[in-house]
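Below is one structure, written out as structure tokens; comments come after it.
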Amino acid sequence: RGHFGLAVTAASVALSVTVPLSDATAYKANPIAMETSMASTPPNICGTNATIGQAFLAAVNLSYPGLEAAKEAAKLNDLAGVCDAVVKYYRQGTSASWFRIGPVAPGHGRVGGAVDAMVDNDTFAHFPSPSYPVKIPRNADGGLQWTWYGPDNDDEFMNVLNRHEYFNDLLEAWNSTGNSVYPQYFDALVKDWVLHLPCNHAQHGGTNRCVPLGDQSGGPVCKWDPETHGGACDTGTFESPWRSLEMGIRMAGWPVAFYGFQQSNNFSVDARVLMLLGVSEHLQALEVDGGHPGSGTVNWEMTQWRGLLVAAGAWPELAGAAEASQVSFKYLTKLLESGVYPDGVENEMTSNYDMGTAADYYSALVTVVQAGLPAPPASFSTRVEAMYTYGAYVASPSGCLPQNGDSDLCSTGGFVAGAAAFFNRSDWEYVRTNGAQGRVPSGPEHSTPSVMFPWAGQAVLRESYEAGAAYMWMDVGPFGSNPFHAHRDKLSIQLHAHGALLLADSGRFAYAGTSFSHDRRPYAHDTHAHNTLRIDGMQQQQAPALATAPRPNTSWSFEADRDVVQGSMSLWDGLKGEATHSRSVWHQRGEWFVVVDVVSSDRPGRTVQATWHCHPNASVTLDPASNRATVVGVESRTALPSSARVAVVPATGGAAASWASAKVVKGQLKGQDNATEDQGWYSASYADASPAPVLVYDAALGATTRAVFGWLLLPSSGPAPSPATLAITALGSASVSATVTIGAKTWPIEVPIEV
């Protein structure tokens, strides 16, 4: 989240912002004037600036019930009167009651922290990159540099800057303290942003085209002038504050601030008018879907149409709002059907974005109820419910979503209490609370604690629902619809046990900019950044993008005492000939996991590499004589060192292929010390990049065209029992025979493999 703004104190005016306009009377905004009432400085901006007044007149549906006074003023060509009447309607009315707050008693307290740093010093935190607080520069006219890419030259910095999520921080600060400095500052930001960044009469292409400030595609910049009144604005652009993703996010947040500040005298008439004018611009711009850079990206378009729906429901008095609500739900329904599998998994194959999208769809359902809009089809609600079913059941016992694709360490968005109540699903609460609350999961799909999401090809092998239970996530599904966010990680696994993260994913790193983390971004996508195999050093292909059918139910089996899941990968970039990696996992519930890797090739001479990734705070020891390793993990939520561990035991036995070498790699950089690739890096969240230990095993198959490798993964809260072995005795055409021995106990198993 971004926090930034103009310097201001409660006692003095720190800055005067002048925004030049082509109209005869330019609007000069004092952003923090100490108002005793909204009307303390008449006339309002509509009376002093005909450009803004006429644009606002076109933005409001004056036939809407309750706006009769504004309509009468319009008949008299009294633009100031129109704006005063509309502002009075919102301040004294009860519309959008779900966003309004109760009276706030005046006070002089401060909340401190990031909000006061924003208000007092132009210093903001919580950007994706860099991780430290940043002071936002101002333009020559005193306004903020809304299109600045930040010190790391990262376009995501500008994007977050223009999402305005800090509006709600200011509202919360005012609500908790009653200090007028917070609404004054909010008032200043609204005036600054709307006046500097017009995008009216949105279109894609067409005549009299202008582009938003910050757009790099070329063309005249849109401005508030008497000829164009802010447009015709081309929204089919990429990096500008009017990117459709940012528009959608703003429209989800603006109503909270607009209605929350209604009873503040420091939220001026001018700022209220400009904010409503800005909403009108968004209603038009969000409906323009021609060629924007997020077309075809589910999480992006979902945010776009959800923002349009929220704005239409919050401001039905604005021109085009009724049509906007219909358009938004048409697209939302289409996206839900095409972008979310029947098992509830969003097809980008990244849990962070999956559950973010789920939150947007759920918000759309709530908006329909709150605003009294026409109900969506039942199938819409059913699919959204499936998304939260996925979120609840895919999470680890610590509540952490898998870190697949562009996801972060221990995202906890899989469970939302409001959604559980909305859908009456107390079983989600049961899973989330490790059985302390809610009802026990039931039905044939929950006959064991393990679960399969067959369209996405994601398996969760779970010991139980108890805290500290062993948990493995495995990917046997498609690559993902969005190559920017999906990773080449098929057949990869992640392992938690005893409240610890034991085997990790490498994360996502920074998407853009000049940071060290961004330099590691290609590594995030590579196969060797995940817990799987490479053949001849090649990367998996980014295919297939989508599943056209669910995984066959013969590819997994969950029973009371054990689970089995199998999958395969045959698509490799740059590989000569053909080769397949088949991986099966056998989970002996409450005991251990066995991973069987079969490599089949059309020719001899292949090389194979296996990698097991750990968190930077984990410790790894490797016995060079046996190639056995012990990983002491980190607490799943805090990433602090844990005593929990997993023994990584390579298979032996007459049928098992052996590893020629094994080593621990940490913080390896391509081009240094003769390294040909990055290895041993971890990103807990966006822009993070830390050295992390990776177990790297290498083998040469020689004349063999079919070989089997195996692993016993033995989680424990302390030192693992000894001896612990996995012996592979036979490699058949469709199965592998093996025996697990732990102490005096043995388990003969026949592991099926996908061919």
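Below, all heavy atoms of this structure are taken into account, side chains as well, without hydrogens, waters or symmetry copies. What you see is a predicted model, and the numbers here were worked out from it, not measured in a lab.
- Sorted by first and then second residue, the side chain to side chain donor-acceptor pair (under 3.5 Å) pairs with a member in residues 614-625 read Asp623-Ser626; sequence neighbours excluded.
- In this model, a donor atom of one side chain and an acceptor atom of the other lie less than 3.5 Å apart for Tyr523 and Gln679.
- For the side-chain hydrogen bond (donor to acceptor under 3.5 Å, both in side chains) test, residues two or more places apart in sequence or in another chain that qualify with Trp428 are Thr389.
- When only modelled atom types and interatomic distance are considered, Tyr682 and Gln403 share a side-chain donor-acceptor pair under 3.5 Å.
- For Arg508, the side-chain hydrogen bond (donor to acceptor under 3.5 Å, both in side chains) criterion is met by Asp408, Tyr511, not counting sequence neighbours.
- Evaluated for a ring pair (Phe, Tyr, Trp, His ring centres under 6.0 Å) with Phe453, the options Tyr393, Trp556, Tyr390 yield exactly one hit, Tyr390.
- Here the side chains of Met387 and Thr357 are in contact, with some heavy-atom distance below 4.5 Å.
- Side-chain atoms of Asn159 and Tyr149 include no donor-acceptor pair closer than 3.5 Å.
- The distance from atom CG of Asp505 to atom CD1 of Ile493, rounded to the nearest 0.5 Å, is 11.5 Å.
- A side-chain N or O of Ser129 and one of Asp152 form a donor-acceptor pair less than 3.5 Å apart.
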Original post:
After noting the C-alpha distance and the side-chain angles of Phe558 and His587, does the key distance pass the ring pair (Phe, Tyr, Trp, His ring centres under 6.0 Å) rule?
Top reply: CA-CA 9 Å; Phe558 300 150; His587 170 218; 9.2 Å; no
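- Qualifying side-chain contact (heavy atoms from CB on, under 4.5 Å) partners for Pro691, counting only residues two or more places apart in sequence or in other chains: Lys666, Trp681.
- The existence of a salt bridge linking Arg488 and Asp573 is confirmed by a sub-4.0 Å separation between a basic side-chain nitrogen and an acidic carboxylate oxygen.
- Under the ring-ring contact (aromatic ring centres under 6.0 Å, His included) criterion, Trp572 pairs with no residue at all, not counting sequence neighbours.
- With sequence neighbours excluded, no residue forms a ring-ring contact (aromatic ring centres under 6.0 Å, His included) with Phe509.
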**OP:** Report the C-alpha distance between Gln539 and His528 in whole Å, list the side-chain angles of each, state the deciding distance to 0.1 Å, and finish with yes or no for side-chain hydrogen bond (donor to acceptor under 3.5 Å, both in side chains).
**Re:** CA-CA 8 Å; Gln539 307 294 333; His528 64 279; 3.2 Å; yes
**OP:** Check the pair Val564, Arg562 against side chain to side chain contact (heavy atoms under 4.5 Å, CB included), reporting the backbone distance first and the verdict last.
**Re:** CA-CA 7 Å; Val564 179; Arg562 61 106 180 116; 3.7 Å; yes
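- Applying the side-chain hydrogen bond (donor to acceptor under 3.5 Å, both in side chains) rule to Thr638 yields the partners Glu635; only residues at least two apart in sequence or on another chain are considered.
- Partners of Phe157 by ring-ring contact (aromatic ring centres under 6.0 Å, His included), not counting sequence neighbours, listed by chain and number: Phe127, Trp148.
- For Trp473, the side-chain hydrogen bond (donor to acceptor under 3.5 Å, both in side chains) criterion is met by Gln458, not counting sequence neighbours.
- Heavy atoms of other residues, nucleotides or ligands lying less than 6.0 angstrom from CD of Glu677 number more than 12.
- Annotation: the span from Ser600 atom OG to Arg706 atom CZ amounts to 4.5 Å, rounded to 0.5 Å.
- Between the side chains of Thr580 and Ser568, not a single donor N or O lies within less than 3.5 Å of an accepting N or O.
- Residues Pro449 and Arg589 approach most closely at CD-NH1, 3.9 Å, considering heavy atoms.
- Partners of Cys400 according to the disulfide (SG to SG under 2.5 Å) rule, which considers only residues two or more places apart in sequence or in another chain, are Cys410.
- Side-chain contact check for Thr303 and Asp360: at least one donor-acceptor pair (N or O, by modelled atom type) lies under 3.5 Å.
- Not counting sequence neighbours, His581 has no partner by the ring-ring contact (aromatic ring centres under 6.0 Å, His included) test.
- Under the salt bridge (charged side-chain N to carboxylate O under 4.0 Å, His left out) criterion, Asp597 pairs with Arg583, not counting sequence neighbours.
- At a cut-off of 3.5 Å, with distance as the only test, a side-chain donor of Ser636 or His496 sits close to an acceptor on the other residue.
- Ring pair His530/His613: centre-to-centre distance not below 6.0 Å.
- Taking the ring centroids of Tyr697 and Trp711, they lie under the 6.0 Å cut-off.
- Salt bridge present: Asp536 and Arg606 bring a charged side-chain N and a carboxylate O closer than 4.0 Å.
- Electrostatic pairing of Asp406 and Arg521 counts as a salt bridge here, judged by a charged N lying under 4.0 Å from a carboxylate O.
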